[in-house]
Amino acid sequence: MNEHQIDLAPFYKFAGDHVAVGIHAIDSKGKTILYNRKMREIEGFDFQELTDRSLLEMFRFDQTQSTLLKALTSGTPILNIKQTYWNRKGQEITTINDSYPVFDHDVLIGAVELARDVTTLERVIYQPLKKYEEPITFASLTAVSASMKNIIARAEKAAAAKLPVLLVGESGTGKELLAEAIHSAHDSELPMHVLYCHGTDGRLIDELGEEIERMQHGTIYCERIDLLPRALQLQLLEVVERHMAGECYFVASVGDDPVELVSSNTLVKDLYYFFSAMTIQVEPLRHRKEDILPFVDDYFSRHRMKVGSVIRSLSDEVKKLFLGYDWPGNLKELELLLDEITSLVTTQETVTASMLPHHFKLKTQSGSLQPEDFLVRSDKDLLPLEEYLQEAEMYYLEKAMDLFGGNVTKAAQALGMSRQNLQYRLRKIKKNAQST
């Protein structure tokens, strides 16, 4: 190297670690050789972990789903692909990936993936019950039922007294909205930190303790503490008890009756006692159907303001269908259905039965689908095999979800598949339904 030449390696390393795009490179055998700081932020892994274990094992998707492996095996670039999966922190992340094979003198030596993190954008657009442009307050909650009014009144008292709160309810009932409203009533100017307990490990709980020490003030919301293994529940208990005399406010949620969870050794008793200074049971939507139409009206109002649509109401026929359906997925299911409907709306002001997705029509015909509906029906032509299999899969997975009250973890265990695989299939069904 002469005096005019500069070693560019330190510059490349600096740029790779500070660029706002995630970079993940593998060699020809699929071994990770480069994993930059942004990719670690997105996915939560360390470089050493990826070199010790396979790509498929770490992310729990098959080879046909990994754009990085596709680029390696095909030898062709795969561009602008949106990919959703679960990271090390147990959080669902969405990236838009550009994946390239890497050649050295026409010899394939590996592949590199550039990932743009669009998780926040996806949550704004797609995540159920998170479409609010402003902080969620008790005034944001559109409930009119007596049970929800009582819940809001109790939650307001808990926030005023700064009592730890345990929210109890099925998946999709809006516990996270209530937690955020409690936080806003406590002090909306302070930060709110959420621990997603599914997929959480000991390291993340330690990080929560460090975050509490940094925050000093604010709200800590531990979502679904009953999904933590007992050892991690004990670790979480030690962290929250250590800071209970401080200025942080604690809220948690569980998916089932906490007393039964304690009796079955699913929930550590002392962790339950810590959060249960005020226990608030959030009823499923099927028990408070008077909240359905106000929720729909609020959704349409926000949709008009956000995208300039003219949609305003449901037809009488659709209202009857909505009020007659049991909504096993609760508010999340209702909102996802409204997402599907409004994605196809152009100039319509009223949602009619003809605008409802096919899968919802099937579920509301005579209550629900029956197994024999997938045989040759006298009133319908024989379905093409692809459509038949899609309908059958949709029926079977939704039956499993209904059977376990919308609990993805329990349904996945019963079906003999991973939670991530089940969620992938449910998303795929939803996308197929939207495209039909």
Side-chain angles (χ1 to χ4, degrees), residues 82 122-133 142-144 172 174 284-286 288-370 373-374 377 379-381 383-384 386-395 397-399 401-402 406 425-436:
K82 186 165 76 172
E122 286 287 296
R123 285 176 178 170
V124 170
I125 298 175
Y126 296 113
Q127 184 171 332
L129 308 177
K130 285 293 183 184
K131 294 185 173 64
Y132 296 82
E133 298 292 338
T142 57
V144 299
L285 193 56
R286 61 184 174 275
R288 50 183 179 94
K289 291 189 175 181
E290 57 267 47
D291 290 331
I292 293 174
L293 297 183
F295 184 88
V296 172
D297 290 341
D298 182 67
Y299 179 98
F300 287 161
S301 175
R302 294 178 185 280
H303 190 269
R304 291 195 301 273
M305 288 188 291
K306 188 171 185 177
V307 303
S309 70
V310 295
I311 190 165
R312 293 188 173 276
S313 62
L314 307 174
S315 70
D316 290 341
E317 182 182 5
V318 173
K319 287 180 183 178
K320 185 176 179 180
L321 288 174
F322 276 28
L323 294 174
Y325 180 57
D326 273 347
W327 300 103
N330 296 296
L331 287 176
K332 283 186 179 179
E333 182 182 6
L334 173 56
E335 187 171 51
L336 286 173
L337 178 65
L338 295 174
D339 286 347
E340 291 187 63
I341 293 170
T342 54
S343 67
L344 301 175
V345 165
T346 51
T347 59
Q348 298 91 335
E349 292 188 15
T350 302
V351 175
T352 62
S354 63
M355 297 164 62
L356 297 177
H358 178 61
H359 68 85
F360 184 75
K361 292 179 183 178
L362 290 174
K363 287 189 289 189
T364 54
Q365 289 172 0
S366 302
S368 64
L369 284 172
Q370 301 299 319
D373 291 333
F374 293 107
R377 290 166 281 181
D379 61 334
K380 294 195 175 184
D381 294 332
L383 287 174
E386 196 73 25
E387 291 182 34
Y388 169 86
L389 293 175
Q390 182 180 326
E391 268 195 30
E393 181 182 19
M394 177 176 67
Y395 162 81
L397 295 185
E398 288 186 346
K399 277 296 182 185
M401 293 295 290
D402 290 350
R425 289 174 180 270
L426 292 171
R427 283 195 300 269
K428 185 177 178 182
I429 289 171
K430 176 179 177 291
K431 289 178 181 178
N432 288 339
Q434 287 179 328
S435 63
T436 57

Query - By side chain to side chain donor-acceptor pair (under 3.5 Å) - contacts of S301 (at least two apart) - result: none

Report task. Answer yes or no: is there a donor N or O on one side and an acceptor on the other, between the side chain of W327 and the main chain of P284, under 3.5 Å? Result -> no

Query raised in the report: Say you draw a straight line from NZ of K332 to CG of L337; how long is it, rounded to the nearest 0.5 Å?
Result: 16.0 Å

Report task. For the pair V351 and L338, evaluate side-chain contact (heavy atoms from CB on, under 4.5 Å) and give the outcome as yes or no after the intermediate values. Result -> CA-CA 10 Å; V351 175; L338 295 174; over 6 Å; no

Query raised in the report: Below 4.5 Å, heavy atoms only, C-beta onward: do I341 and F300 meet side chain to side chain?
Result: no

Query raised in the report: Can D316 and K320 be counted as an ion pair, charged N to O under 4.0 angstrom?
Result: no

Query raised in the report: Using the ring of each side chain (for Trp, its six-membered ring), is F360 parallel, tilted or perpendicular to Y325, with breaks at 30° and 60°?
Result: perpendicular

Query raised in the report: Which heavy atom in S315 sits nearest to a heavy atom in A353, and how many Å separate them?
Result: OG-N, 4.3 Å

Query raised in the report: Between CG of D298 and CG of D291, what distance do you get to the nearest 0.5 Å?
Result: 12.0 Å

Query raised in the report: Looking at residues at least two apart in the chain, or sitting in another chain, which of them share a side chain to side chain donor-acceptor pair (under 3.5 Å) with E317?
Result: none

Query raised in the report: Quick one: are T350 and L314 in side-chain contact, heavy atoms under 4.5 Å?
Result: no

Query raised in the report: Looking at CD of Q348 and OG1 of T342, how far apart are the two atoms once the value is rounded to the nearest 0.5 Å?
Result: 11.0 Å

Requested in this report: Taking the side chain as every heavy atom from C-beta outward, state whether D297 and T142 have any atom pair closer than 4.5 Å.
Outcome: no

**Report entry** Pairwise distance CG(N330) to CZ(F295) - rounded to 0.5 angstrom
**Finding:** 11.0 Å

Report task. Ignoring hydrogens and angles, tell me if any N or O in the side chain of R286 forms a donor-acceptor pair with the backbone of P328 under 3.5 Å. Result -> no

Query raised in the report: H303 vs Y299 aromatic rings, parallel, tilted or perpendicular, using cut-offs 30° and 60°?
Result: parallel

